[in-house]
Amino acid sequence: METTETKFRNHISIVIERFGTIFIGIVIVLAGSALDDLKEIVKHMDNLKEHLADEFAGASLFLVLFLIALFWQLRRWAKTYISIQGQAIVIEKNTWNRKVQTIGIKHISNVNLSQNILEMMLGTCTVKLDTDSFSTADDTDVKLVLKKEKAEWFRQTVFAIMESEGNRSGAEVYAQDTNHQIESGAYKETAGITDEENGKNITETTVTANVNDMIWHGVFAINLFAVLLAVGGIGGSVSKLLSGIQEGISGQNILEIISGWAVAFFIGATAVWDTVKDFIKYYQYQVTRKSDKIYISYGLLKKVSYVIPVKRIHGVTVRQTWIARIFKRYRVELINVGMGDDDEEKDAFFLLYQSRADVIEKMQKLLPEFAEAIELPMQRQKKSVILLKAIPAVIWAVILLAADQLAKEIIGAHFLWINLVCAGGWLVVLVILAGGYVTDAFACDKKSLAVSSGVFGRETTYMHYPQIQYFSVNQNIVAKKLRVVKGNAYLLASASDSRHDLPYMPEEAVEELKEYLLAR
């Protein structure tokens, strides 16, 4: 495909976004110092002219520094150019030094769009490009701010060039994609779209979530630590109130009770926010499979739109919080090279919490490449692994016992609370080890490998052998006697998704896994 050079700048609103945080910080500092300045002015009313001159000099210096910083941001914007040159995106910065960054379009794994409130008002959006290079998988290679129409054009052009290296021309792909409303996800119904790479007939499918679905998703996403913190805060406040009533209400007690309840309210509100934020964040959630791409969009205060080529999906992760595990609900996320380095991407999902049957049904429609993998029966670790888990439990028992005796020697008394703290610490260790033993599992066949891990919650990752870079195993003396092996599998992904722990597996299962990997 022939491409001509297209040169453009970021939208000038990028200056506001970059400089906005600094500006807000300056306003807060100025507002905080304004009261002190007012007090000083009142104190020096007899010498008001001289004092105002000092204040004006300080404000003028501050204003000059502010204008210099603003000028630098404007100059940086004016001297930065983005262009599409052949099969590459070139970013040229001509500030004090000339810097040119060239990114091969064939190495781009996805192009995502997002809009915060300011961008919604201005009609702009942020374009984020991620690459499939392991060395830069944890960094954002390109972040642009463009008018919404230009951002859509830019994304479609990049994908057209990416597809031109395959069986279809870039012009054909571009003509196809521009017939659809990408940002809203409102696609036309198209039956029997062929996925040329996989040779499958895939019907375009869209999955959405209603208000009830989002509320339940928020409930199942509640963090156990937040719940315990809320319960502890409320319990402590109730205890403080009761003790205050027994001792008699005084001015000091009232202040302590009010402050205690304020803290409890804040903690409780934080736990509730865990539910509410998911509803706001994933408002109007929608995922669509069209041909060889996955389109994901959602958001209320910040709208995001992901377009992920299926061939760039290197694995699927199914997560369960502690409460989702109790009610047997599952959330599905995609492992895609480049995604996961930003905080919002770490919480991005493919399918929201739902039953296993619903997950399998939707996976068969949206991502059949991994539908068979998630139906693999998981194998738990052998009972003999309990002996291996007992080793760290014994080590921790010795450490905590020594700490208990040392604390008593230093304090010079045998306090009950020291024993309780050490016993509680060892109990936590036992719970973690037992939870890991029950949760850890694996499964493999000729096409896929699946591994589970966790303590209270569960995380199961499914990966195909061609996407596994390598795996390593280790075996201590006890494991060798028990004929079990553990290790790690490594995917080409961001740092948080690249390494996946293999639980203790029988030696014969590891040999089988080696054969599958070599035969890929």
Side-chain angles (χ1 to χ4, degrees), residues 215-236 267-278 281-282 315-333 335 340 343 346-356 358-359 374 376-383 385-386 388-393 395-397 400 420-443 450-462 486 488 496-497 499-505:
I215 291 174
W216 279 111
H217 174 82
V219 170
F220 292 127
I222 290 176
N223 186 286
L224 177 59
F225 180 73
V227 172
L228 294 176
L229 205 60
V231 172
I234 294 171
I267 295 173
T270 302
V272 173
W273 174 245
D274 279 344
T275 301
V276 177
K277 74 175 182 181
D278 279 350
K281 184 172 185 176
Y282 301 127
V316 170
T317 297
V318 178
R319 296 187 192 275
Q320 290 178 286
T321 59
W322 64 279
I323 191 170
R325 195 170 176 182
I326 292 173
F327 289 94
K328 297 183 179 180
R329 292 295 184 269
Y330 307 82
R331 161 179 168 170
V332 183
E333 301 173 7
I335 298 177
D343 289 339
K346 291 177 183 177
D347 294 328
F349 65 87
F350 178 59
L351 293 177
L352 72 170
Y353 281 110
Q354 53 200 279
S355 67
R356 182 174 177 81
D358 288 338
V359 167
I374 66 172
L376 286 173
M378 302 297 291
Q379 301 179 45
R380 291 180 56 181
Q381 297 174 113
K382 295 169 64 175
K383 292 182 179 179
V385 172
I386 294 176
L388 287 164
K389 297 288 184 180
I391 295 174
I395 293 173
W396 273 106
L400 290 170
L420 291 176
V421 169
C422 291
W426 192 58
L427 182 61
V428 169
V429 171
L430 287 179
V431 169
I432 292 173
L433 293 173
Y437 170 75
V438 172
T439 304
D440 291 355
F442 74 96
V451 292
S452 288
S453 62
V455 178
F456 299 108
R458 186 199 301 267
E459 176 182 313
T460 306
T461 300
Y462 302 87
K486 69 179 301 185
N488 307 102
S496 59
D497 290 322
R499 172 178 159 175
H500 299 276
D501 296 335
L502 302 176
Y504 282 106
M505 306 166 63

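Along the sequence shown, the residues carry numbers beginning at 1.
To the nearest 0.5 angstrom, Lys389 atom NZ is 11.0 Å from Ile391 atom CD1. Once rounded to the nearest 0.5 Å, the distance linking OH of Tyr437 with CG of Leu388 reads 10.5 Å. Atom CG of Leu433 is separated from atom CD1 of Ile386 by 11.5 Å, given to the nearest 0.5 angstrom. Here CZ of Phe456 is found 9.5 Å from OG1 of Thr439. Values are rounded to the nearest 0.5 Å. Atoms CH2 and CG, on Trp216 and Leu352 in that order, are 13.0 Å from each other to the nearest 0.5 Å. In this structure, NE2 in His500 is found 13.0 Å from OH in Tyr462, a value given to the nearest 0.5 Å.
Applying the side-chain contact (heavy atoms from CB on, under 4.5 Å) criterion to Leu376, with sequence neighbours excluded, gives Ala443, Asp445, Ser448. Residues passing the ring-ring contact (aromatic ring centres under 6.0 Å, His included) test with Trp426: none are found, sequence neighbours excluded. Applying the side-chain contact (heavy atoms from CB on, under 4.5 Å) rule to Asp501 yields the partners Asn488, Arg499; only residues at least two apart in sequence or on another chain are considered. Val438 pairs by the side-chain contact (heavy atoms from CB on, under 4.5 Å) definition with Arg325, Arg380, not counting sequence neighbours. Looking at residues two or more places apart in sequence or on another chain, you find no side-chain hydrogen bond (donor to acceptor under 3.5 Å, both in side chains) involving Gln381. Taking the ring-ring contact (aromatic ring centres under 6.0 Å, His included) definition, one finds that His217 meets it with Tyr282, Phe349, Tyr353, sequence neighbours left out. Under the side-chain hydrogen bond (donor to acceptor under 3.5 Å, both in side chains) criterion, Gln379 pairs with no residue, sequence neighbours left out. Remark: Ser453 pairs with no residue by the side-chain hydrogen bond (donor to acceptor under 3.5 Å, both in side chains) rule, at least two apart or across chains. Shown here are the side-chain contact (heavy atoms from CB on, under 4.5 Å) partners of Ala441, two or more places apart in sequence or in another chain: Met378, Ser452.
Nearest heavy-atom pair, Val431 versus Val455, reported as atom, atom and distance to 0.1 Å: O-CG1, 4.1 Å. Nearest heavy-atom pair across Leu430 and Ala393 is CD2-CB, 4.0 Å.
Asp440 is not listed as a side-chain neighbour of Lys486, based on a closest heavy-atom distance of 4.5 Å or more. Taking 4.5 Å as the limit, every side-chain heavy atom of Arg329 sits out of range of all side-chain heavy atoms of Val219.
Looking at Thr317, its side chain never comes within 3.5 Å of a backbone N or O of Glu333 through a donor-acceptor pair.
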